[in-house]
Amino acid sequence: MDEQVATSRVELTDHIERVLDAHWRPRGYTVPSAVRYPHQWLWDSMFHAVLWSALDRPDRAIRELATALEFQSGDGFVPHVIYHDGSPYAGFWGRNSASSITQPLLFGHALAVVVRDGTTPPSPLVDAAATAIRHLLRERVRIDGLVATVHPWETGADDSPRWDYWYRRHATPYGAKGAILAGVARNEHDSPRANPAFRCAPASFNALLAFSARELAVVAPDAVDRREVDALVAALDARWDAELGTWVDAGDAAETSGRIRTLDALLPCLVVEDVGRWEAVRSQLLDPDQFDAPAGPAGVHQAEPEFAPTLYWRGPAWPQLTYLLTVAAQRHGDEAMVEHLQARAWEGARRSGLSEYHDPFSGRGLGASPQSWAGLPLAAARLVRCVEA
Ligand code: GLC
């Protein structure tokens with residue numbers, strides 16, 4: 001690494017720490033952005049915990065994870081947004097203080113990171129996280145063996161072209177989101193179970209669930225039945241399409257928008273160990289005509305007609321996806337790929353000024369700025385050290 005790059009990383013690390021500190025709330029969580037996202041979001045909080053751990057503040061990591069579970073239902077369901085200062089959207093969600101759908105459950109990974117960094121999390125926190133993961137595995141309707149989501153927002157990839165099959169049926173995306181929410185079927189705890197208006201089991205959501213369950217085993221080996229998770233991974237891998245080079249979603253869009261090559265649809269490589277699959281993924285990540293770009297991999301394959309490098313979820317680079325793929329590269333022992341993605345990630349952070357997402361070619365910041373998860377290259381830097389060790 002040349003001196004200039006090293007200096008810029010030291011400066012960026014300082015900037016990341018200042019942003020995280022400014023976004024920390026005394027209530028015990030980090031806001032994604034002070035202006036655009038002033039509440040607590042579930043998967044953001046998992047990434048914040050990973051970042052607090054990288055910043056040697058495991059106390060904050062643990063508190064943030066615990067706060068994210070404050071509105072967990074009796075059956076384990078965890079809402080995706082908590083409105084600690086009162087909800088302006090109680091009418092929309094049909095409940096006060098929190099939303100009524102979930103988001104990718106990365107508790108297992110966040111806890112494993114904290115443990116690898118030398119802190120033992122309190123057992124009630126580990127138990128609650130395990131209950132949340134088991135809830136999704138047991139309570140949700142399955143489609144072709146995969147866990148169904150009840151709303152596009154549950155994936156975290158809100159406007160991904162993978163949901164176009166449903167979005168195209170509505171006059172506006174917002175209308176679609178409300179109409180889809182109205183279709184959610186709930187259990188006796190009022191937790192979402194299924195949705196005939198969004199019959200979809202995305203590859204990305206299931207990959208993150210399986211990954212989180214496997215990571216949880218680092219902290220609590222018997223908390224989730226290993227065979228259940230292995231079966232989920234097998235069902236997921238059965239959806240690999242060799243011609244397209246992607247994992248296809250299960251459900252009503254399986255023959256249409258559920259096949260569009262998005263970056264998040266490559267996340268099963270976090271749990272699928274097959275070397276051939278990883279080779280197919282890595283060659284796409286390295287190819288500038290496919291996903292590779294100077295400021296981080298594009299969110300949508302560049303040959304897809306839907307690819308739009310500056311449009312929300314339809315092509316920009318996302319720091320949290322780059323981080324997760326770096327974790328995947330590390331798990332496959334692919335040091336060159338870890339380095340490649342890290343270099344791209346720092347470049348994106350530098351050019352975007354720590355934005356929510358950015359143009360993968362120019363690095364121009366898009367969405368909220370600064371955004372907490374844009375600091376993730378710092379957390380991934382530890383993975384470089386792990387590969388080297
Ligand atoms: C946007 C993103 C979602 C994220 C939220 C807060 O809605 O699509 O993934 O959790 O912002 O950062």
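One-based numbering along the sequence shown. All figures in this text were calculated on a predicted structure; none of them were measured in a lab. Order of appearance sets the numbers: ligands from 1, and atoms from 1 within every ligand.
- His84 has its ring centre less than 6.0 Å from the ring centre of Tyr29.
- For Trp166, the ring-ring contact (aromatic ring centres under 6.0 Å, His included) test picks out Phe198, with sequence neighbours left out.
- When only modelled atom types and interatomic distance are considered, Ser73 and His189 share no side-chain donor-acceptor pair under 3.5 Å.
- Taken from OG in Ser160 to CG in Asp249, the straight-line distance is 8.0 Å, to the nearest 0.5 Å.
- Under the 30°/60° scheme for interplanar angles, the aromatic rings of Tyr357 and Tyr312 are found to be tilted.
- Among protein residues, Pro32, Tyr37, Trp41, Trp43, Asp44, Gln103, Gly156, Asp158, Tyr312, Trp313, Glu356, Gln371, Trp373 come within 4.0 Å of ligand 1, judged on heavy atoms.
- Between Trp43 and His109, a ring centre-to-centre spacing not shorter than 6.0 Å is recorded.
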